[in-house]
Novice: 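Sharing a structure here in structure tokens format.
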There are 2 protein chains.
Amino acid sequence: MPPSTWQDTAEQKRASLLALIPPEWRIESPPSIDEQVDVTEYIKQYLSEEEVQITQCSADVIARRVGGGEWKAESVARAFCHRAAIAHQLLNCLHEIFFTAAITSAQTLDAYYAQHKKPLGPLHGVPISLKDQFHVKDVETSMGYVGWIGTFEGKTGTGKEKVHESEMVKMLRKAGAVLYCKTSVPHTLMSGETVNNIIGYTLNPKNRRLTSGGSSGGEGALIGVKGSPVGFGTDIGGSIRIPAAFNGLYGLRPSTGRLPYEGMANSMDGQNSILSVVGPIASNVASLRLVTQALLDQKPWLLDPLVHEIPWRYDHENAILENVHDGRGTKKAGGKLSFGVMRTDGIVNPTPPIRRAIDTLVKALQSAGHEVIPWDPPSHKPIQDVGFKSWIYDGGADVRSAFALSGEPMASQIDFYGSLDREFTASEIAATNVELRRLKKEYLDYWVGTQALTGTGRPVDAVICPLAPWPAARPGRYRYYGYSTWVNFLDYTSVTVPVGNVDKSVDKVEEEYKPIDERDKGIQDDYDPEIYDGAHVSLQIVGRRLQEEKMLAVAEYVGKLLGK
Amino acid sequence: MPPSTWQDTAEQKRASLLALIPPEWRIESPPSIDEQVDVTEYIKQYLSEEEVQITQCSADVIARRVGGGEWKAESVARAFCHRAAIAHQLLNCLHEIFFTAAITSAQTLDAYYAQHKKPLGPLHGVPISLKDQFHVKDVETSMGYVGWIGTFEGKTGTGKEKVHESEMVKMLRKAGAVLYCKTSVPHTLMSGETVNNIIGYTLNPKNRRLTSGGSSGGEGALIGVKGSPVGFGTDIGGSIRIPAAFNGLYGLRPSTGRLPYEGMANSMDGQNSILSVVGPIASNVASLRLVTQALLDQKPWLLDPLVHEIPWRYDHENAILENVHDGRGTKKAGGKLSFGVMRTDGIVNPTPPIRRAIDTLVKALQSAGHEVIPWDPPSHKPIQDVGFKSWIYDGGADVRSAFALSGEPMASQIDFYGSLDREFTASEIAATNVELRRLKKEYLDYWVGTQALTGTGRPVDAVICPLAPWPAARPGRYRYYGYSTWVNFLDYTSVTVPVGNVDKSVDKVEEEYKPIDERDKGIQDDYDPEIYDGAHVSLQIVGRRLQEEKMLAVAEYVGKLLGK
């Protein structure tokens with residue numbers, strides 16, 4: 001066999017992926033971006049009325065309907081497979097398709113239900129999409145590297161190829177989930193845009209002139225266009241939250257040690273100053289809670305040695321619910337929440353639509369009787385600088401070796417890995433860890449100290465913060481990660497919340513704007529109302545470390561307040 | 001001022017420490033080791049009857065008596081200061097003495113009680129000793145380095161000298177504890193014997209021919225001779241459990257992230273593959289539980305960014321109690337515990353007294369209706385080899401720089417740090433972390449898999465394991481750490497339990513013993529019944545990660561079974 005070029009290998013992979021889409025689901029001539037900027041409604045024309053009805057539902061509703069016997073798992077699986085297939089042809093959002101296995105497992109679930117008159121588990125019949133870091137039996141994991149195609153994480157002959165499954169995959173199956181596709185990522189995973197030499201560039205379904213985000217960009221696009229009701233991504237610098245925010249979705253970035261990462265592929269595995277975490281993305285919080293609880297109920301600490309033994313904490317959730325009117329609990333007299341609001345980190349300012357979103361959210365909270373105080377924490381600059389070092393500890397050795405496998409080129413988004421030239425020493429890494437801990441302690445002290453500033457007797461319950469300077473980045477222009485990374489570097493909990501959409505008639509460029517510096521100017525200039533019109537605008541709700549229950553409760557309440 | 005030699009500096013420090021002992025508490029001519037091998041009873045002659053009565057009590061009893069107004073905090077403080085002062089003169093176990101501050105704080109507590117008719121907190125009037133890694137206001141931290149004397153962790157002009165306090169110190173004060181001394185450590189902290197150029201060698205009070213253990217060796221000696229009712233040490237390879245075991249005490253090695261390490265001095269700070277943890281040592285489990293609960297009740301996660309938000313879990317404790325008759329709970333019908341027993345790790349065998357202790361404990365458990373099955377886990381060899389790398393990541397740079405400050409020589413116990421010559425690279429560290437995670441996963445799978453082997457429907461509740469090959473090491477002969485380090489490398493929870501004492505008429509050398517290899521032969525040869533007679537013999541009870549409540553409950557029950 002003649003050695004194939006990376007182009008050949010990528011082309012074959014691309015073609016084999018398309019070949020897994022049944023002919024009747026193929027689109028002959030998809031519209032150009034300019035012909036159809038927003039495909040979130042457009043996509044429906046390819047689907048039956050029943051398929052549309054099913055796929056417009058959120059995961060919690062699907063779980064209730066299939067788990068209650070109202071819908072068949074197979075119908076639901078077929079509907080989402082179909083919608084995902086169309087989505088991929090419009091957005092380039094899939095890396096792996098295993099619809100046949102999905103239909104089979106859905107049929108097995110239906111048979112189980114017919115026999116036992118009850119669902120197999122809390123996710124019975126819920127289709128779940130997975131970022132292409134999860135290993136799934138019978139399916140490849142390329143993680144966007146051409147050189148990984150046909151291997152197990154770049155190695156051959158491991159015996160794990162297409163056999164090994166990540167622990168969470170096994171858990172999801174046990175809970176009754178139907179797995180059917182893996183979604184696109186930027187090679188290296190270290191970008192807020194999703195681009196690689198296999199599937200190209202993943203587009204934002206709401207506005208195909210923009211990125212769907214990254215690194216869980218395939219998840220963002222697919223769930224954003226309702227080709228999946230819920231999916232899992234990972235986040236080491238924003239990679240769950242960026243695609244969630246850019247696609248108008250809720251995404252949970254839990255703290256490390258809450259959900260099981262065991263057995264997944266990763267970049268720079270073993271770097272343990274800042275750990276990547278795994279978490280869900282969906283169109284509503286109820287879906288996030290459903291899958292998070294389903295995982296915690298299976299005691300992931302018995303399957304992943306890095307997961308803490310912390311079951312779902314109802315008392316934490318109730319500590320939020322008793323302070324809000326949201327229909328899920330009883331509000332106590334005088335109860336209210338207290339928020340910190342960070343309008344800018346002082347390094348790069350948010351663009352006009354994000355600023356308006358903050359105003360909208362603050363007003364909504366204040367109107368509902370909650371307190372919002374300015375968030376004036378220790379500077380984020382050293383946090384960003386120190387945390388970023390962890391991403392270049394190995395001087396790019398890991399990612400360069402992955403590129404070297406095939407000889408493929410690096411996308412411009414991550415090509416700084418090509419110019420690094422030295423590894424950190426143990427002493428340098430230790431010094432970084434000490435400095436990070438110092439910064440974490442300083443921030444924690446600030447947070448706890450806000451108890452003296454609030455009217456609740458508690459420190460602020462959550463911080464409202466931009467997730468990125470723009471509603472979404474324009475291709476090739478993701479140049480500032482500070483709004484997402486500080487959360488990772490401090491290991492905080494965060495949930496993105498959709499707030500609205502860009503309206504070019506309202507979100508105008510501020511003529512008299514004075515940029516902080518050249519970088520800020522560049523980022524402000526990226527915002528063009530004509531290009532951005534209609535794009536989703538989201539923010540994040542940030543809590544301290546390991547505050548998943550509380551932040552989900554806050555995010556859900558905020559969504560209700562905003563009518564989302 | 002002429003530059004002083006390290007010998008001068010050490011001598012001055014030694015003298016200034018003795019000068020802090022009131023003249024009436026000085027011993028003119030302490031007995032030689034051979035004159036008085038065991039000083040645990042001998043020490044009483046220096047104390048008044050009331051002082052003996054007070055100091056023979058455990059911390060939980062003291063808390064009850066002082067907290068209930070029966071005893072004055074000042075009397076208790078004076079009694080322990082006196083006994084600690086004598087202890088130091090017999091054992092070389094103190095680095096810092098602050099009796100005057102202790103008496104003052106005890107008086108303040110008494111005044112508080114007189115005014116409020118209630119204790120300040122759960123540790124009201126309980127004297128607590130601290131390993132010399134804790135920073136205490138107005139007191140130095142040398143950590144056994146001559147070069148750290150007069151500095152803050154080797155640096156001058158930081159503004160933190162004698163001002164900065166470790167978070168846990170502040171918490172203990174808040175709970176009402178009386179702090180009065182800091183205890184000796186081996187320089188570098190990386191030894192199971194306690195020796196440095198300031199105070200020399202810390203002796204084992206039960207058998208002064210043996211080490212008191214390390215690195216919390218001063219704690220072990222002081223608590224072992226009842227010069228402290230409870231103290232805190234740290235453990236990165238056995239440093240809480242070794243001195244606890246060698247002194248017939250209970251010592252808790254919690255998993256990382258349970259108790260607050262924030263603001264303490266350390267060796268090789270920032271190495272974060274295997275973290276050192278802080279935990280208590282005492283003569284009974286009730287005292288360990290008392291201080292652990294007192295800390296958790298103060299929500300240490302609000303003070304230390306690395307502490308997980310896991311309050312004291314009564315349900316975990318009850319899950320053990322409902323399976324035992326121990327007077328603390330109601331045993332459910334048919335309830336029993338299941339233990340794995342590891343009689344050897346196959347690398348080095350335990351010496352005869354340890355083997356007898358295992359037999360004793362296994363028989364006691366079986367007689368009480370519990371199950372004991374052989375523990376046949378994945379080999380500990382790779383766990384030890386991989387974990388050990390974390391201790392030499394920096395090629396000795398950190399400890400060598402500490403020695404260089406004064407020019408003092410390294411003790412033979414840790415002089416391997418002098419012969420290292422290179423730092424690990426980021427890639428090597430990452431590979432170590434990946435391998436460690438793999439080994440953790442493998443071990444976890446084995447543990448959880450024992451569910452199929454037990455008669456309880458659960459995996460084994462705890463593992464019975466030696467803590468070291470001997471009851472205690474002889475000076476200069478601590479050459480095998482495998483029995484303690486595997487717990488650190490897997491981040492498991494462990495509590496030492498005293499089982500008995502060496503009886504030279506029973507614990508004879510096994511003539512037909514076939515050594516595993518030369519190292520094993522050397523270690524077996526270290527055991528000499530004549531030398532070891534009377535020494536404490538202990539074991540450890542090991543649980544998976546973050547099982548502090550359960551392991552304390554098991555250890556307490558085991559102690560009761562053994563009549564300890």
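Nothing here was measured: the structure is a model prediction, and the numbers come from that model. Order of the sequence lines sets the chain letters (A, B, ...), proteins ahead of strands, with each chain counted from 1.
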Novice: Would you indicate whether A:K155, at its atom NZ, is surrounded by more than 12 heavy atoms from other residues, nucleotides or ligands within a distance under 6.0 Å?
Specialist: yes
Novice: Highest number of heavy-atom pairs under 4.5 Å with chain B: which of A:L436, A:D491, A:D398, A:L303?
Specialist: A:L303
Novice: Does the side chain of A:T425 reach to within under 4.5 Å of the side chain of B:T425, using non-hydrogen atoms?
Specialist: no
Novice: Report which part of A:L306 has an atom under 4.5 Å of a heavy atom belonging to chain B: side chain, backbone, both, or neither.
Specialist: both
Novice: Which residue out of B:Q547, B:K440, B:E309 racks up the most heavy-atom pairs below 4.5 Å with chain A?
Specialist: B:E309
Novice: So which of B:D445, B:D394, B:T432, B:V434 has the biggest tally of heavy-atom pairs under 4.5 Å with chain A?
Specialist: B:V434
Novice: When only pairs under 4.5 Å are counted, which of B:A431, B:S255, B:A430 shares the most heavy-atom pairs with chain A?
Specialist: B:A430
Novice: How close do A:I429 and B:I429 get, counting heavy atoms only, and between which atoms?
Specialist: CD1-CD1, 4.0 Å
Novice: B:D304 versus chain A, heavy atoms under 4.5 Å apart: side chain, backbone, both or neither?
Specialist: backbone
Novice: Under a 3.5 Å distance rule, please check whether B:N272 uses its side chain to pair with a backbone N or O of A:N433 as donor and acceptor.
Specialist: no
Novice: Please check this pair: side chain of B:R545 against backbone of A:W301, looking for a donor-acceptor N/O pair closer than 3.5 Å.
Specialist: no
Novice: Any non-hydrogen side-chain atom of B:E262 less than 4.5 Å from a side-chain atom of A:K441?
Specialist: yes
Novice: Looking at A:G270, A:G395, A:P459, which one has more heavy-atom pairs under 4.5 Å with chain B than the rest?
Specialist: A:G270
Novice: With respect to chain B, which residue among A:E435, A:Q271, A:R437 yields the maximal number of heavy-atom pairs within a distance under 4.5 Å?
Specialist: A:R437
Novice: Do any N or O atoms from the side chain of A:E423 and from the backbone of B:A426 form a donor-acceptor pair under 3.5 angstrom?
Specialist: yes
Novice: Can you say whether A:E167 sits under 4.5 Å from chain B via the side chain, the backbone, both, or neither, judging by heavy atoms?
Specialist: side chain
Novice: Heavy-atom distance under 4.5 Å to chain B: side chain of A:R422, backbone, both or neither?
Specialist: neither
Novice: Can you tell me which portion of A:R438 sits under 4.5 Å from chain B's heavy atoms? Options are side chain, backbone, both or neither.
Specialist: neither
Novice: Who among A:H316, A:E428, A:M268 has the most heavy-atom pairs with chain B under 4.5 Å?
Specialist: A:H316
